[in-house]
Amino acid sequence: QVQLVESGGGLVQAGDSLRLSCAASGRTFSAMGWFRQAPGKEREFVAAISWSGRNAYYKNYANSVKGRFTGSRDNVKNTVYLQMNNLKPEDTAVYYCAASSFVRPIDSYTGPDFGSWGQGTQVTVSS
């Protein structure tokens with residue numbers, strides 16, 4: 001059974017940092033992604049990370065988070081992380097991790113490519 005367990009959300013002030021974690025179990029994946037959904041808005045892509053072999057990683061970020069958010073993976077723990085620095089009030093949302101078994105160019109992944117989703121974790125950034 002595929003399971004994605006997220007952690008790390010919380011309430012912070014603008015300029016602070018948070019690190020989200022997503023532990024995957026049940027199968028292997030080709031890529032994992034982070035998405036977010038703010039109240040009244042559609043879900044949007046945040047970041048994706050894919051891998052080839054043990055040490056080759058590919059990453060893609062939404063323009064709104066480039067330079068502030070960094071994705072990484074611990075292949076021993078089968079866990080991906082999203083380090084979020086210099087958080088802004090507009091980053092407030094429920095963040096979801098997702099996993100994909102498709103192999104695509106890193107900048108080609110979209111929501112439907114991810115067949116497994118975590119439960120979501122709330123990130124709230126106050127001004």
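One is the number of the first residue; the rest follow in order along the sequence.
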query = To the nearest 0.5 Å, how far apart are OH in Y81 and SG in C97?
reply = 12.0 Å

ask   = Could you give the distance from CZ (F35) to OG1 (T110), rounded to the nearest 0.5 Å?
value = 7.0 Å

Report all side-chain donor-acceptor pairs from residues 9-25 shorter than 3.5 Å, counting only partners two or more places apart or in another chain.
residue: D16; atom: OD2; partner: Q13; partner atom: N; Å: 3.1
residue: S17; atom: OG; partner: N85; partner atom: OD1; Å: 2.9

message = Among residues at least two apart in sequence or on other chains, which ones pass side chain to side chain donor-acceptor pair (under 3.5 Å) with T124?
response = Q122

message = If the condition is side chain to side chain donor-acceptor pair (under 3.5 Å), which residues does K59 pass it with, not counting sequence neighbours?
response = none

4.5 Å side-chain heavy-atom contact, [X] and [Y]:
| X | Y | result |
| --- | --- | --- |
| N78 | R73 | yes |
| N75 | W51 | no |
| W34 | I49 | no |

Residues forming a salt bridge (Lys or Arg N to Asp or Glu O under 4.0 Å) with R43, sequence neighbours excluded = none

message = Holding to side chain to side chain contact (heavy atoms under 4.5 Å, CB included), I want the full list of residues that pass it with A99, two or more places apart in sequence or in another chain.
response = L4, F29, M32, S116

query = F69 and L87: side chain to side chain contact (heavy atoms under 4.5 Å, CB included), yes or no, with the steps?
reply = CA-CA 9 Å; F69 290 13; L87 283 160; 3.8 Å; yes

message = Quick check: is F45 connected to I106 through a chain of hydrophobic side chains (ILVMFWY, heavy atoms under 4.5 Å apart)?
response = yes

ILVMFWY cluster, Y57 and L82 together (side-chain gap under 4.5 Å) = yes

So which atom in [X] and which in [Y] form the shortest heavy-atom distance, rounded to 0.1 Å?
| X | Y | result |
| --- | --- | --- |
| A93 | A38 | CB-N, 3.8 Å |
| S50 | A31 | CB-CB, 3.7 Å |
| Q37 | K41 | NE2-O, 3.1 Å |

Sequence-distant partners of Y109, ring pair (Phe, Tyr, Trp, His ring centres under 6.0 Å), two or more places apart = F114

Sort and list the pairs that fulfil salt bridge (charged side-chain N to carboxylate O under 4.0 Å, His left out) and have at least one residue in [range], not counting sequence neighbours.
| range | answer |
| --- | --- |
| residues 25-35 | none |
| residues 104-118 | R104-D113 |
| residues 114-127 | none |
| residues 74-85 | none |

message = With a 3.5 Å distance limit and no angle check, can you tell me whether Q3 reaches the backbone of G26 through a side-chain donor-acceptor pair?
response = no

request  = Quick one: which residue pairs count as a side chain to side chain donor-acceptor pair (under 3.5 Å) with a foot in residues 90-100, not counting sequence neighbours?
outcome  = R36-D91, R36-Y95, R68-D91

